[in-house]
Amino acid sequence: MGPNEDTITKAAAEVGGIAMPGSVTSEADVARVFSTIHEKFGRLDILVNNAGIGGPAAPVSEVTREQWDEVMDINLTGAFLCSKEAVKLMQPAKRGRIINISSVAGRIGYALRSPYCASKWGMIGLTRALAVEMGPYNIPVNAILPGAVEGDRIDRVIRDRAAAMGADIDRVRAQYTSQAALGRMVRPTDISNMVLYLCSPAGDNITGQSIDISGGSYL
């Protein structure tokens, strides 16, 4: 399950759920997870496709095929495989929610992050196609597009980007906040709060949308 295994296991225990190791890039692993969900709970109400990696911070000319494939496999194909299995459980019940965690990088051209941008643009396309397909089954499908989110992940991205540019880390960090209308990064809870909203009755008639939560980045 990776470096976050303890956190995931603890979170699952807190909500009375189960944690299952596996890779979203493996059809067998994904099928096993959803089969277990069906056996244990008999239904599936919500799928949040949040598995993802940042990939390389490099000019496209230096990105390897292996790096490209890894980002696509995890960020985009993983969301497809999980959605494919999820709808098999949701459609008979004519209820459910699917939320794809994309990125503002899915709406802009972002230098030195070509695999990541392409995967996140792809998630928006997947969201819209699924929203149309799932409409007759009463299953809203939406994407959330976070900007720079405070935490270890953006710290790594900034370090890698600074190294690729030969720039000072603090200057690169300042670029992220200066690009936002509110002048700051977003909090992880900003994203989770929107997930909760979309999964509540208030989100019943919201589907096919790409919702930007970035503090107004790149306006």
Item to check | Side chain to side chain, Arg107 and Ser210, heavy atoms closer than 4.5 Å | outcome: yes

Next on the checklist: Applying a strict under-4.5 Å side-chain criterion to I, L, V, M, F, W and Y, I'd like to know whether Ile139 and Ile37 cluster together.
Outcome noted: yes

Checklist outcome for this item: Correct closest heavy-atom pair for Cys82 and Val24 would be SG-CG1, 4.0 Å

Checklist entry - If Ile, Leu, Val, Met, Phe, Trp and Tyr residues are connected whenever their side-chain heavy atoms lie under 4.5 Å apart, and connections chain through other members, are Met185 and Ile211 in the same group? => result no

Next on the checklist: Please tell me whether Ile98 and Val30 are part of a single hydrophobic cluster in this structure, the criterion being side-chain heavy atoms less than 4.5 Å apart.
Outcome noted: yes

Checklist entry - Ile191 and Ile144: side chain to side chain contact (heavy atoms under 4.5 Å, CB included), yes or no, with the steps? => result CA-CA 8 Å; Ile191 312 306; Ile144 294 175; 4.1 Å; yes

Distance-only criterion, 3.5 Å: show the donor-acceptor pairs between side-chain atoms of residues 155-162 and protein atoms not counting sequence neighbours.
from   : atom 1 : to     : atom 2 : distance (Å)
Asp155 : OD1    : Arg173 : NH1    : 3.3
Asp155 : OD1    : Arg173 : NH2    : 2.8
Arg161 : NH1    : Ala111 : O      : 2.7

Checklist entry - Which atom names give the shortest non-hydrogen contact between Phe41 and Gly17, and what distance separates them? => result CZ-CA, 4.5 Å

Checklist entry - Any donor and acceptor pair, going by atom type alone, linking the side chain of Trp121 with main-chain N or O of Ala105 inside 3.5 Å? => result yes

Checklist entry - Do Ile213 and Pro146 come within less than 4.5 Å of each other through their side chains, counting heavy atoms only? => result no

Checklist outcome for this item: Tyr197 meets the side-chain hydrogen bond (donor to acceptor under 3.5 Å, both in side chains) criterion, sequence neighbours left out, with none

Checklist entry - If you look at every heavy atom in Gly203 and Pro140, which pair is closest and at what distance? => result O-CG, 4.3 Å

Item to check | Test item: Ser178 side-chain N/O and Gln175 main-chain N/O as donor-acceptor pair under 3.5 Å | outcome: yes

Next on the checklist: Among Ile108, Asn75, Val104, which residue satisfies the side-chain contact (heavy atoms from CB on, under 4.5 Å) criterion with Lys120?
Outcome noted: Asn75

Checklist entry - Going by heavy atoms in the side chains, are Ile124 and Leu145 under 4.5 Å from each other? => result yes

Checklist outcome for this item: With sequence neighbours left out, the residues meeting side-chain contact (heavy atoms from CB on, under 4.5 Å) with Ser35 are Glu39

Next on the checklist: Assigning hydrophobic clusters by single linkage (Ile, Leu, Val, Met, Phe, Trp, Tyr; side-chain heavy-atom cutoff under 4.5 Å), is Phe34 placed with Val141?
Outcome noted: yes

Checklist entry - Quick one: side-chain hydrogen bond (donor to acceptor under 3.5 Å, both in side chains) partners of Asn138, sequence neighbours excluded? => result none

Checklist entry - Residues two or more places apart in sequence or in another chain: which of them pass side-chain hydrogen bond (donor to acceptor under 3.5 Å, both in side chains) with Ser23? => result Thr25

Next on the checklist: Taking salt bridge (Lys or Arg N to Asp or Glu O under 4.0 Å) as the definition, give me every residue that meets it alongside Arg43, ordered by chain and number, with sequence neighbours left out.
Outcome noted: Asp45

Could you list the donor-acceptor pairs under 3.5 angstrom formed by side chains in residues 84-95, with sequence neighbours left out?
from  : atom 1 : to    : atom 2 : distance (Å)
Glu85 : OE2    : Lys88 : NZ     : 3.2

Checklist entry - What pairs with Arg97 under salt bridge (Lys or Arg N to Asp or Glu O under 4.0 Å), at least two apart in sequence or on another chain? => result Asp204

Checklist entry - Rounded to the nearest 0.5 Å, what separation is found between the SG atom of Cys199 and the CD1 atom of Ile46? => result 3.5 Å

Item to check | Spacing of OG belonging to Ser217 relative to CG belonging to Asp212, to within rounding of 0.5 Å | outcome: 7.0 Å

Checklist entry - Who pairs with Ala118 by side-chain contact (heavy atoms from CB on, under 4.5 Å), at least two apart in sequence or on another chain? => result Trp68, Met72

Checklist outcome for this item: d(Met123 CE, Arg128 CZ) to nearest 0.5 Å is 14.0 Å

Next on the checklist: Taking Phe80 as the starting point, is it possible to reach Met134 by hopping between hydrophobic residues whose side chains are less than 4.5 Å apart?
Outcome noted: yes

Checklist outcome for this item: The reported gap from CD1 in Ile99 to CG in Leu196 (rounded to nearest 0.5 angstrom) is 8.5 Å

Checklist outcome for this item: Contacts of Ser26 meeting side-chain hydrogen bond (donor to acceptor under 3.5 Å, both in side chains) (sequence neighbours excluded), chain-then-number -> none

Next on the checklist: Test side chain to side chain contact (heavy atoms under 4.5 Å, CB included) on Met20 and Thr36; report intermediate values, then the result.
Outcome noted: CA-CA 9 Å; Met20 289 176 280; Thr36 302; 3.6 Å; yes

Checklist entry - Does the pair Arg65 and Asp69 meet the rule for a side chain to side chain contact (heavy atoms under 4.5 Å, CB included), with working shown? => result CA-CA 6 Å; Arg65 175 62 186 270; Asp69 287 347; 2.9 Å; yes

Checklist entry - To the nearest 0.5 Å, how far apart are CD in Glu62 and OG in Ser114? => result 10.5 Å

Checklist entry - Would a distance-only check, ignoring hydrogens and angles, find a side-chain to backbone donor-acceptor pair under 3.5 Å from Thr64 to Gln67? => result yes

Item to check | Heavy atoms of other groups near Glu150 CD, more than 12 under 6.0 Å | outcome: yes

Checklist outcome for this item: Shortest non-hydrogen pair, Ile8 vs Ala19, comes out as CG2-CB, 4.1 Å

Quiz: residues 47-59 side-chain donor-acceptor pairs under 3.5 angstrom, not counting sequence neighbours:
from  : atom 1 : to     : atom 2 : distance (Å)
Asn49 : ND2    : Ser83  : OG     : 3.1
Asn49 : ND2    : Asn100 : OD1    : 2.8

Next on the checklist: Any non-hydrogen side-chain atom of Ser102 less than 4.5 Å from a side-chain atom of Thr127?
Outcome noted: no

Next on the checklist: Quick check for you: to the nearest 0.5 Å, what is the distance between Glu70 atom CD and Thr77 atom OG1?
Outcome noted: 12.0 Å

Checklist entry - With Arg187, which residues qualify under salt bridge (Lys or Arg N to Asp or Glu O under 4.0 Å), at least two apart? => result Asp190

Next on the checklist: Could you check whether any side-chain heavy atom of Leu44 comes within less than 4.5 Å of a side-chain heavy atom of His38, counting everything from C-beta outward?
Outcome noted: no

Item to check | Asp168, CG: over 12 other non-hydrogen atoms inside 6.0 angstrom | outcome: yes

